[in-house]
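Order of listing sets the numbers, starting from 1, for every ligand and every atom in it.
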Amino acid sequence: SYRDDPFTPVVARPPVTDDVDVVVVGGGIAGVLAGANLRRAGIERIRIVDQAGGIGGTWYWNRYPGVMCDVESYIYLPMLEELDYVPTHRYASGEEIRTHLEAIAERHGLVDDALFHTGVDRAEWDDESGRWEIHTDRGDRLRSRYYVLAVGILNLMKLPAISGMEEFSGHSFHTARWDYRYTGGAPGRPLTELGDKSVALVGTGATGIQCLPALAEAARHVFVFQRTPSAVGVRGNRATEPDFSESLSPGWQRDRMDNFQAVMLGKPVEVDLTDDGWTHHYAAVQHPPRHKGMSIEDYMRGAEELDYGIMEEHRRRVEELVADPATAEVLKPYYRYLCKRPCFHDEYLQAFNEPNVTLVDCPAGIDRITERGPVVGGHQYDIDCIVYGTGFEAELTPLYRRAGHEIVGRGGVSLAEKWADGASTLFGMMSRGFPNLFVMPAPGQQAVVTVNYTQLAVLGAEFVGRTVATLERLEVQAFDVSAEAEAEWSQKIIDS
Ligand code: NAP
């Protein structure tokens, strides 16, 4: 039941049997962009298949109060120029991102043929027909010339295995399935039904910190169960300047994405256009100062000092914003900057000054959960609702597990079998023995990765669109990666 879709009712439909040009698994950023670029390439019959009830991927599921993207909206929302859209704020809300992805999908005619609330059970390449044969959990049998896996990196929710959690008699849900029927309200609006409720928030990662302020505002009491404190840097969100778009010339979004990337890669730039926590702290820690002739000891010391300075800044911020010194002490991140995914927020720390918010420090986790709620250090907390902000399976979860179905290529060999000892690909997007298959870039599959996932999706989708356009022009029925190309790419990955 933790997986059920609280946002869109599942509607019965007869199974679909058909033959299309492309099946794209996943209707999030990567899938929508792949679809849009395939349309540009002149491909007509495109079917997106997604377990969600609509477009958006991670932004479909994650609708918890306060959900926003930490990457600047002007480089995170794709196709801004094409859709002539200017994000309302420097950092966009989940609703704005999801609505924008829907607009891209609508613009490119990807919605009407999509099969939502549908999971793929199995996909197998058939050499004879030159088709992928795809079976779904709704009884569909799809055949397609190309198969695009755009399954995302945050699609497998993680619930902690806390002993007794199934005995809890109150309500509970994961942040990726926020239950507004229980909490009242809607994304961006106050939670109206929590005034008499005691809420436990488990998890203080990028998600937990974003939903605390709304919970603090609405609930009778919120207990925040923290295992490890996050480093919470300045967010500095603000409305987009009215004259922002006037300053832009064609190609500005790509230039801005490249500018961000250059800063993150430690390359010299005239101006840091994004100018935020990622480009200040993250980039700095990735590229500590070094000069010719420097000893490794001096380099390491310099790196540590730089890191320590940044973490001290974060610890001072906690001291400045949290009134109670004992609470502040526990909220201070005590590790090096990249030990945990850095966070950015301007209201999270202040929420601990509210009388209805209590921080429960539990470095070893919650002892157990009883019918009444969590127990920590022998203390029983009486709770009406547990919100699990406990994240997702790590990004490095193998693709075939994230995809959730068997992908079978030539000679009956599955991708799981082929990649048993690690991925083997060309560009992290195609793999020998799996003809006409594209995998959108993601970590752990020899693909290029970066903090701005959207840029990867943009580049990956353009590659898919252009490659398919070329194959169509040359009337190629089935392409495969040569053994040499795959070996060369793998070697390149190992070398770098
Ligand atoms: P997360 O970073 O994995 O954090 C999960 C939290 O749950 C951590 O605080 C973790 O504690 C805690 N936890 C896990 N198991 C627990 C247990 N048994 N008992 C107590 N606490 C437990 O998950 P997330 O916050 O959902 O973020 C996941 C990823 O989503 C991020 O890395 C980011 O890439 C993305 N994200 C981005 C944004 C954004 O752009 N604004 C927002 C949300 C999410 P420990 O730290 O001790 O493990």
Got a sec, which pairs hit side chain to side chain donor-acceptor pair (under 3.5 Å) with one end in residues 359-377, sequence neighbours left out?
Thr370-Gln380, Arg372-Asp382

Is Asp70 in polar range of ligand 1, meaning some N or O pair under 3.5 Å apart?
yes

Side chain, backbone, both or neither: Gln226 near ligand 1, heavy atoms under 4.0 Å
neither

Check: of Val376, Thr58, Thr204, min heavy-atom distance to atom 9 (O) of ligand 1 comes from Thr204

Number the atoms of ligand 1 from 1 as they appear, then name those within less than 4.0 Å of a heavy atom of Lys340, with their elements.
45 (P), 46 (O)

At under 4.0 Å between heavy atoms, is it the side chain or the backbone of Val71 that contacts ligand 1, or both, or neither?
neither

Which ligand 1 atoms, with their elements, are less than 4.0 angstrom from a heavy-atom of Gly389?
5 (C), 6 (C), 7 (O)

Hey, which atoms in ligand 1 end up nearer than 4.0 Å to a heavy atom of Met68?
39 (C), 40 (O), 41 (N)

Which bit of Tyr76 gets closer than 4.0 Å to ligand 1, counting heavy atoms only: side chain, backbone, both or neither?
neither

Please enumerate all residues that pass side-chain contact (heavy atoms from CB on, under 4.5 Å) together with Pro65, with sequence neighbours excluded.
Trp178, Tyr180, Leu191, Cys211, Ala214

Looking only at protein heavy atoms, which one is nearest to atom 3 (O) of ligand 1, and how far off is it?
Gly391 CA, 3.9 Å

So how far is it from His108 NE2 to Leu83 CG, rounded to the nearest 0.5 Å?
7.0 Å

Between the candidates Tyr64, Phe225, Phe392, which shows the shortest non-hydrogen contact distance to atom 28 (C) of ligand 1?
Phe392

Under 3.5 Å, N or O to N or O, is Pro160 touching ligand 1 that way?
no

Ligand 1 N/O within reach of Lys158 N/O, cut-off under 3.5 Å
no

Provide the number and element of each atom of ligand 1 under 4.0 Å from a heavy atom of Val202.
20 (C), 21 (N)

